[in-house]
Structure formats: C-alpha cells, structure tokens
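Everything below concerns the one structure shown next.
In this chain, numbering begins with 1 at the start of the sequence shown.
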Amino acid sequence: WEEEAVGSDLTPVEVRQTDLAYYAALDPPAFALAGRWVELQSAMYAHLQRFKLRLSDIKVESSTANPGDLSVVCWMFNYGALARYRLDRVEVWSNNPRLAGDVGLVRDMVVQTMEVLRSVSPDSRVTVHTVNAALHGALPGQGEVAARVASYVTKRPDGPPPLTPSGVSFLCEFPSGEGQGSIILEQSTLVPGGAFLRVMSEHLGSLSESEALDRATGFFQAATTRLGLDVVWGT
C-alpha cells in the first residue's frame, strides 16, 4: 500500500480484489489467552471498539480441546477486516481495497490488535512479523502482463509444444539479516487480461509492529516500482 504518488511512466494497476494480512509469530505462546477470558474480552472491546467492533462480533472458533486449536476472532465488518488470536500467533486480515490503501489506518488497526495481546499476555514475544499483500488488478492494455512476464524469462525449455511463461517470482534478503521478501507476478485468473501480484516480507520480531509495517510498505513500494507498476487502490 502506497503513501505517495509515483511517476507517470508507471503502468497503473486498478485493484479489483485484494488480501492484506499481518502475522505476528509468538514465542513463548500466549497461554494466558486461554485462562483470562474475561480480561481478553475487555481488552478487545477497549482497543478495537474504535473500529466499530461489537460484542456480537467476537467469536470463539475452537473446535477441540487442543490448545493449538484455540482461535478467537474479532470481526470488524465496516472495514472488511478481522483480528484473530491464537496461542502461537496473531493475525490481522482484510479484503477491503480502501483499507489496504490507507497506511495510517492499517497501522492503527495492527497496533491496537497487538495491544490487546500485551495487556493480557505481557510475557509473549514476537519472533517474526510477516506482511502479505496480494491483489488482482486490471491493466490498461491487453497482453501487458504476458509481455512483462516474458521480459523476465531469459530461457524456455526446448521442444514442442512451445511453453509460454505465465508468471515470475523473485526473492531477496534484506541487509544485515533483517528479514527477507518475495514477489510474484502472474496473469490473473480473476480479472481478464489483468495481473496477480503478491508481495510478502518477513521482519525481525525485535521490531515494533509499526516499524515492521513501515519496512513492509517500503518493500512494497520498491517492488511495484521496479516492476513498472503503479497500484491504484479503491476509493
């Protein structure tokens, strides 16, 4: 998701569908979540009410007595988003392009979600922050995605029938062992003639969630720019 306008020489991608997710892997597990149900509900309401959360939107999804199956979800329907708490990780997810395009709102939602965890299980620590932005978007020209993908493929297998590249992926390591990122660009299966783009990055757990999101945002901007794309979110 981008905060600043990019150059006019980039090809616009009008987002039609998106999945935006933040994951915080926890160690040690947040065992206190299971034993402090009243405090957990109170913390959820205190920190997430600003996103129009109602008591009826808090759901316990556990299906077994296995602690690994414990899952408590807060649905924030006005934002097409949810926050999910498990003993070993916390997840914030949305499929709303307007939310994905609002960096400040995304940051606030993630920060408040993590404040719930800290108030109930202060001994839990984040080991890895993961941010995943996946989108299907329309491009102005037919064949644009295929041409871009083909331009990155330097060799194809010999022999009939001819093989046409339909996607390309890139990996990178961030400096000083600070994490890693990956990029996938393919032809969309949902938008005719459109593109599927996924940008994922992992960041050190020692960073705050705000710092991790800032670095993920920077990586997303760098990735889309280097691919020659200008992502246009819904309004």
About how many Å separate OG of Ser182 and CZ of Arg198, when rounded to the nearest 0.5 Å?
5.0 Å
So OG of Ser210 and NE2 of His129: to nearest 0.5 Å the spacing works out to 9.5 Å
Leu48, Val60: one ILVMFWY side-chain cluster at the under-4.5 Å cut-off?
yes
First locate atom NE2 of His203, then atom CD of Glu178, and finally report the distance between them rounded to the nearest 0.5 Å.
10.0 Å
Verify, without hydrogens or angle tests, whether Tyr85 (side chain) and Thr113 (backbone) share a donor-acceptor contact under 3.5 angstrom.
yes
Do Trp233 and Asp102 come within less than 4.5 Å of each other through their side chains, counting heavy atoms only?
no
Side-chain heavy atoms of Leu33 within contact of Leu87, under 4.5 Å:
yes
Give a yes or no answer on whether the side chain of Ser42 reaches the backbone of Val38 with a donor-acceptor pair at less than 3.5 Å.
no
Donor-acceptor under 3.5 Å (Thr18 side chain, Ala134 main chain)
yes
Short side-chain to backbone donor-acceptor contact, Ser121 and Leu117, under 3.5 Å
no
Evaluate the side-chain proximity of Arg84 to Ser71: yes if any heavy-atom separation is below 4.5 Å, no if none is.
yes
State whether the side chain of Arg36 and the backbone N or O of Val120 hold a donor-acceptor pair below 3.5 Å, judged by distance alone.
yes
CE (Met76) and CG (Leu53) are apart, to the nearest 0.5 Å, by 7.0 Å
Kindly compute the distance separating CD1 (Ile183) from CG (Leu197), expressed to the nearest 0.5 Å.
8.0 Å
Taking only residues two or more places apart in sequence, or in another chain, which ones meet Tyr79 in a ring pair (Phe, Tyr, Trp, His ring centres under 6.0 Å)?
Phe51
Backbone N or O of Leu20 within a donor-acceptor pair of the Ser94 side chain at under 3.5 Å?
no
Do Pro165 and Arg156 come close enough that some side-chain heavy atom pair is under 4.5 Å?
yes
Exam field: side chain Ser151 to backbone Arg148, donor-acceptor pair closer than 3.5 Å:
yes
NE2 of His136 to CZ of Arg16, rounded to nearest 0.5 Å, is 12.5 Å
When you compare the side chain of Leu99 with that of Val106, does any pair of heavy atoms fall below 4.5 Å?
yes
